Structure formats: structure tokens, C-alpha cells
Visitor: 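I have a structure here, written as C-alpha cells, and I will follow up with some questions on it.
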Amino acid sequence: MGLVFLNTFTRKKEAFAPLEPGKVELYTCGPTVYDFPHIGNYRTFLFEDLLRRYLKYKGFSVVQVMNLTDVDDRTIAASRKEGIPLSEYTARYSKAFFEDLKTLNFDLAEHYPAATEHVGEMVEIIQKLLKDGYAYESGGSIYYKISAFPGYGTLPHFKPDELKAGARVAADSYEKEEVGDFALWKAWDEKDGDVFWETPLGKGRPGWHIECSAMSMKYLGDRFDIHTGGVDNIFPHHENERAQSDAFAGHPVVKYWLHSEHLLVEGKKMSKSLGNFYTLRDLLTKGFAPPAIRYALISVHYRLPLNFTFEGMTAARGALERLYDFQRSVKNAKEAREGVEVGHAIHKARETFEQEMDDDLNISGALAALFDFVRETNRLIISYGLSPKDKEKIGEFLCKLDSVLGFLKEPSVSIDLQVEKLIAQRNDARSQKDFARSDQLRLELEKMGIILEDTPQGTKWKKRL
RNA sequence: GGCGGCUUAGCCAAGUGGUAAGGCAGAGGUCUGCAAAACCUCUAUUCUCCGGUUCGAAUCCGGAAGCCGCCUCCA
């Protein structure tokens, strides 16, 4: 069985076959750079990172585009409130975003286009939509006419007339022919301040959805393989984007739609008013290590709501410590003659890992394969030790898995002189069998986050994650 | 009101007809000066509940309850 994804468009698991063999074109909806992204954003971005990494693991060459939304109601309002230019405002949060990507060990996408740099492309699409009868002008703005697009509502599984019964109705609906119609181009108004473009469409700014149509087609062409985002984007954003792109191209543009579920915090939707709203930086401040955060956000299947809790963070930390301890055990294992067992264990683990990941990125099964491998290998280490060749094979295997997981490399830590001295003092105390003193020093170090292990090869230390 | 999803041990979670993976936490043991790590053993006769289909169901069907999401700019 090969790679299978659940396609939101069909609601079915489908065998993955890229348009061009060996190559995958991937469009992933990126952040609106108006604030520090929260861990829910990163849950989705990490799902996309896992997807990208696994596609590469499978041997595909991947071209990924992640857009940066740097003009919309929120960015305009926030920059005006601060009294600084929009570009200066969004640059601040773009920078923070890329810092976070580095912190969480993202495998970077090929393109991170910004909306404000693609207004020309957006205008071109809108002009064609106008010409082809998919759009109309009203009050200086331009709207997409959803009734002109057959199959509108297929992605979110709505019928257009069901939208009218919806609870919320846009405030400016009087300008539109139908409530479901949405803005492609927004005429300038006072609230926009100095944020506008003078274009053949008039003075104004683009609507939200059009940027993704423009940037996806610019970098990936008018047919590409996978489009992803959070479930909240299914409607309206992705459906509207689909309506625009497909009408423009004259055929379906996206082959597979994948959506990740949201993250909850302590069982509740994350919100600033509930005080359960966390950015990546908040978690770092609380002392959680980046790989543990990555583990926690990636280890629940992307189509399941992830209930983020501090208990869960602690569990993630524990699991990772086991993986790091294992790698140390491998390194320090006593020398043994080469056997076939390690080869078998690796083979089995790899098969299971791939089989699980092939099934719509079943990360739980894939991680179980890894942990089974850890236990099996630990047994071998206890009974026999490892040959240098086996150590090498294990290292290569873990490295291969880490090209997908991205959290297996323990962050390098250095200890300061004081800690080094305490460890030396404790060793002295131990060699003189002054165990009271030795235990006291060990406790002291533990409070500093340094864990000691007395092994036949001497005392080893590690830093708590 | 409409549409959709979820409910498996203290917590997270895999498992889509054949008798409950894995992780964290916990208990006991081996090892250790004591620990830590590791290993071994144990921790759900049972999968929200009630019916049904079947030789057999966590898995399929029907019903109920609870939680959650979307229904026009929130990943």
C-alpha cells in the first residue's frame, strides 16, 4: 500500500499520485503577520512540516509555498493604532515568525511570498474574472458572484442556499447581489489610511482570498498537488479561493485538500479572554524545550483535535528524554560482535513506521514503531552490547527517522564552571564514600536541572529538558 | 435551525469484523552505596450508554447521552 491522504474535497482516503511523478507541489496557508503566532498556528504549520518532510522521505522533490498575509483588516488596524507604516508593522511579526520556525526546527519551504508583493498578479486574475462574468463591481469594490461558479459549496459540503440561513450575515451585504458573494477587491475607505494601491480596478486593496489564488498559481502553476490549512479555512477561505482559481484556470487547480484540526487548551478553545492563549515564546518562557514543544504538537494525528495541557507537555518531555537516553545508551554500549538482530529490528521498525505514515500520516503508529525499536535495542544492549557497525546503522536509521520527525537530536548543552566543579566535588565525596555529602551535591545539581547517572564508565550528567 | 466531527485505562493515544499498540504517570522486582537510566512484571475481561446484525464487534447497523467545530476574513 502506498501513500494515502484523506482529501477534504471528497471526504475519502485517496491514494496519493502527484501530477508529475516524483514531484510534489504544496501550498500551505501561512500566518497573518499581525501578532506573534500562537501554538494553534504552529500545530497546523507543524502538520504541514511533517507532511513536507515525509514526502521528501518518500523520495519526492517538494516545492512548498507558504504565503504571508501582510495586508488585511487586522494588520491595517494594528499598524494604524501604533502609527507606523503597515510594512514596518508586518516586518516585525514576519521576523518573529521566521525566528519561531528556526526554534521549532522547521524544514523551510521554498517560497514565502508576501501578499503585498503580488497585488499585480491579483489584479490580473480579478480582471479576467470580471471579463468572464464571475465578478461584478459595486460601490467601487469588486465581488465574486458565487452563483456563476457551479459547485460552489462542494469543499465545505454546503449548498449555497444554506448559507443564507447562516447565523451571521456580513454587515456590508447590501452592496452585494447575494450574501454569499465576497470581495475580490475592496475600494479604499478611511479606515485603510495610506494602505491602498492605485490599479486599473481603482484605488483600494485586495480581498483576503485572492492572494492565495494569485500566489499559489504564480509559484506552482494552475494545477498543483496539495493545498493545506486549518479546518477553519475550509470555509470561507479555501472555498472562495477555489472558486476564484478554478474559474480563472477553467479547471480544478488543486488535486488534494488536507486540513488539520484545531488545538484546544485544557479542553477549551484557546482565547485571550480565557487566559489560555499561548504563543511559542510563552512556552519557552515557562521552560519547555523546543523539541518537547515540537513533539507535543506533532504527536497527535493532524485530523484529531489536540488538547494541549501542561500535563501533556510533561509527558512529551518524558517521552523525548527516553529517546535521548536511548541514543546515549547506544553510544555508550559495550562492544559486541556483530549479529543480525539489530538489522532485523531496524528493518521491522522502518517497515512499520512507513506503513503507518503512509496511512494519512498516522503519527501515533509511527511513533509506536520507534518506541518498540528502542525497547528491543535496549534489550540487545543489555544482553550483548553493540558492534561499531551496529551503532552506525542505528545512528543512520534514527537520522533517517529524524528527517521526518525533527525532534530526535538532543539540543546541545554546555555546563558552566560552577556545575562542573560541583560534579567534581561529588565524585571526590563518592570516592571517599562520603555518601551524605555526595547525595547532597546531587540534589543541589538536580535543582539546577542537572541529572547525574553513575555508570560503570563513570558519572554522566544530562540536562533536564 | 443546518452540516460535520469526537467519546478507548489517572492522562495522551493506536486500533474499521477475530479477541485491546505505544507514550506519560503509578506499583513491585533486577541493577546501584543510594539513586538515575535500562530491563522484567503488573496497571482497561473491556472500548460513553442501550438495542440489533454476526460463530465472533471497540470496529457494522439503529437509538440515546455528553463534548467540540463550521455556517462569510479565526491555523
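Protein chains get the first letters and strands the later ones, always in sequence-line order, with residue 1 at the start of each. Only heavy atoms go into these numbers, but all of them, side chains included; no hydrogens, no water, no symmetry mates. Everything quoted here is computed from the prediction, not taken from an experiment.
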Visitor: Rounded to the nearest Å, what distance is computed from the CD atom of residue A/E453 to the P atom of nucleotide B/rA35?
Guide: 15 Å
Visitor: Look at the side chain of A/T44 and decide which nucleotide, out of B/rA75, B/rA36, B/rG23, has an atom nearest to it.
Guide: B/rA75
Visitor: Quick one: the side chain of A/R430 and the base of B/rG33, do they pair up donor-acceptor inside 3.5 Å?
Guide: yes
Visitor: Between B/rC40 and A/R379, is there an OP1 or OP2 to side-chain N/O distance shorter than 4.0 Å?
Guide: yes
Visitor: Flag as yes if A/F435 stacks onto the base of B/rG33 (centroids under 5.5 Å, planes under 30°), otherwise no.
Guide: yes
Visitor: Are A/E241 and A/H227 close enough that a side-chain donor and a side-chain acceptor fall under 3.5 Å?
Guide: yes
Visitor: Classify A/H209 by what it touches in the nucleic acid, base, sugar-phosphate, or nothing, heavy-atom distance under 4.0 Å.
Guide: nothing
Visitor: Applying ring pair (Phe, Tyr, Trp, His ring centres under 6.0 Å) to A/F235 and A/F158, what does each step give before you reach the verdict?
Guide: CA-CA 9 Å; A/F235 189 84; A/F158 294 154; 5.0 Å; yes
Visitor: Are B/rA75 and A/H262 stacked, with the base six-membered ring and the side-chain ring centres under 5.5 Å apart and planes under 30°?
Guide: yes
Visitor: If you only use heavy atoms from C-beta on, which nucleotide in B/rC73, B/rA75, B/rG22 is closest to the side chain of A/D372?
Guide: B/rG22
Visitor: What about A/K268: does its side chain form a donor-acceptor pair under 3.5 Å with the base of B/rC67?
Guide: no
Visitor: Will you find, in the side chains of A/T103 and A/D100, an N or O donor that is under 3.5 Å from an N or O acceptor?
Guide: no
Visitor: Answer with yes or no whether A/R43 presents, from its side chain, a donor or acceptor under 3.5 Å of a partner atom in the base of B/rA75.
Guide: no
Visitor: Rounded to the nearest Å, what distance is computed from the CZ atom of residue A/F326 to the P atom of nucleotide B/rG23?
Guide: 13 Å
Visitor: For A/S438, report the nucleic acid contact type (base, sugar-phosphate, nothing); a contact means any heavy atom under 4.0 Å.
Guide: base
Visitor: What is the distance, rounded to the nearest whole Å, between atom CG of A/N378 and atom P of B/rU30?
Guide: 20 Å
Visitor: C1' atom, B/rA25 versus B/rU32: distance in rounded Å?
Guide: 23 Å
Visitor: For the residue pair A/H259 and A/T8, confirm or rule out a side-chain donor-acceptor distance under 3.5 Å.
Guide: yes
Visitor: Pick the closest RNA chain B nucleotide for A/L452 and for A/N240 by heavy atoms, then say which residue is nearer the 5' end.
Guide: A/L452
Visitor: Would you classify A/K186 as touching base, sugar-phosphate or nothing, given that sugar-phosphate means primed atoms plus P, OP1 and OP2, and contacts are heavy atoms under 4.0 Å?
Guide: base
Visitor: With rounding to whole Å, what would you report as the distance between B/rC3 and B/rG62 at their P atoms?
Guide: 15 Å
Visitor: Expressed in whole Å, how much space separates the P atoms belonging to B/rG18 and B/rC60?
Guide: 12 Å
Visitor: Could you check how far CG of A/L405 sits from P of B/rG23, rounded to whole Å?
Guide: 15 Å
Visitor: Please work out if A/G318 contacts a base, only the sugar-phosphate, or nothing of the nucleic acid, heavy-atom cut-off 4.0 Å.
Guide: sugar-phosphate
Visitor: For the base of B/rC34, is there a side-chain donor-acceptor partner from A/R442 under 3.5 Å away?
Guide: yes
Visitor: Got a donor-acceptor pair under 3.5 Å from the side chain of A/S364 to the base of B/rA13?
Guide: no
Visitor: Only one of A/L101, A/T279, A/L263 clears side chain to side chain contact (heavy atoms under 4.5 Å, CB included) with A/Y42; which?
Guide: A/L101
Visitor: Side chains of A/E48 and A/T228: donor-acceptor distance under 3.5 Å anywhere?
Guide: yes
Visitor: Under 4.0 Å between any heavy atoms, over every strand shown, what does A/D325 touch: base, sugar-phosphate, or nothing? Just pick one.
Guide: sugar-phosphate
Visitor: Taking the same atom, C1', in B/rC34 and in B/rU8, what whole-Å distance lies between them?
Guide: 40 Å
Visitor: Looking across every strand, which nucleic acid part, if any, lies under 4.0 Å from A/L304 by heavy atom: base, sugar-phosphate, or nothing?
Guide: sugar-phosphate
Visitor: Report yes if a side-chain nitrogen or oxygen of A/R11 is closer than 4.0 Å to either non-bridging phosphate oxygen (OP1 or OP2) of B/rC3; otherwise report no.
Guide: no
Visitor: Is there a donor on the side chain of A/N233 or the base of B/rC74 sitting less than 3.5 Å from an acceptor on the other?
Guide: no
Visitor: If you take atom types as modelled and just measure distance, does the side chain of A/D439 reach the base of B/rG33 with a donor-acceptor pair under 3.5 Å?
Guide: yes
Visitor: Is the phosphate of B/rC11, meaning OP1 or OP2, less than 4.0 Å from a side-chain N or O of A/N307?
Guide: no
Visitor: If you assign each of A/N362 and A/G229 to its closest nucleotide in RNA chain B, which residue comes earlier from the 5' end?
Guide: A/N362
Visitor: For the pair made of CE in A/M270 and P in B/rG69, what is the distance, rounded to whole Å?
Guide: 13 Å
Visitor: Checking all strands, does A/R464 fall into the base, sugar-phosphate, or nothing category for heavy-atom contacts under 4.0 angstrom?
Guide: nothing
Visitor: Does A/R74 put a side-chain nitrogen or oxygen below 4.0 Å from OP1 or OP2 of B/rC74?
Guide: yes
Visitor: Would you please say whether a donor-acceptor pair under 3.5 Å links the side chains of A/Q457 and A/N332?
Guide: no
Visitor: With a non-hydrogen cut-off below 4.0 angstrom, is A/K269 in contact with a base, only sugar-phosphate, or nothing?
Guide: base
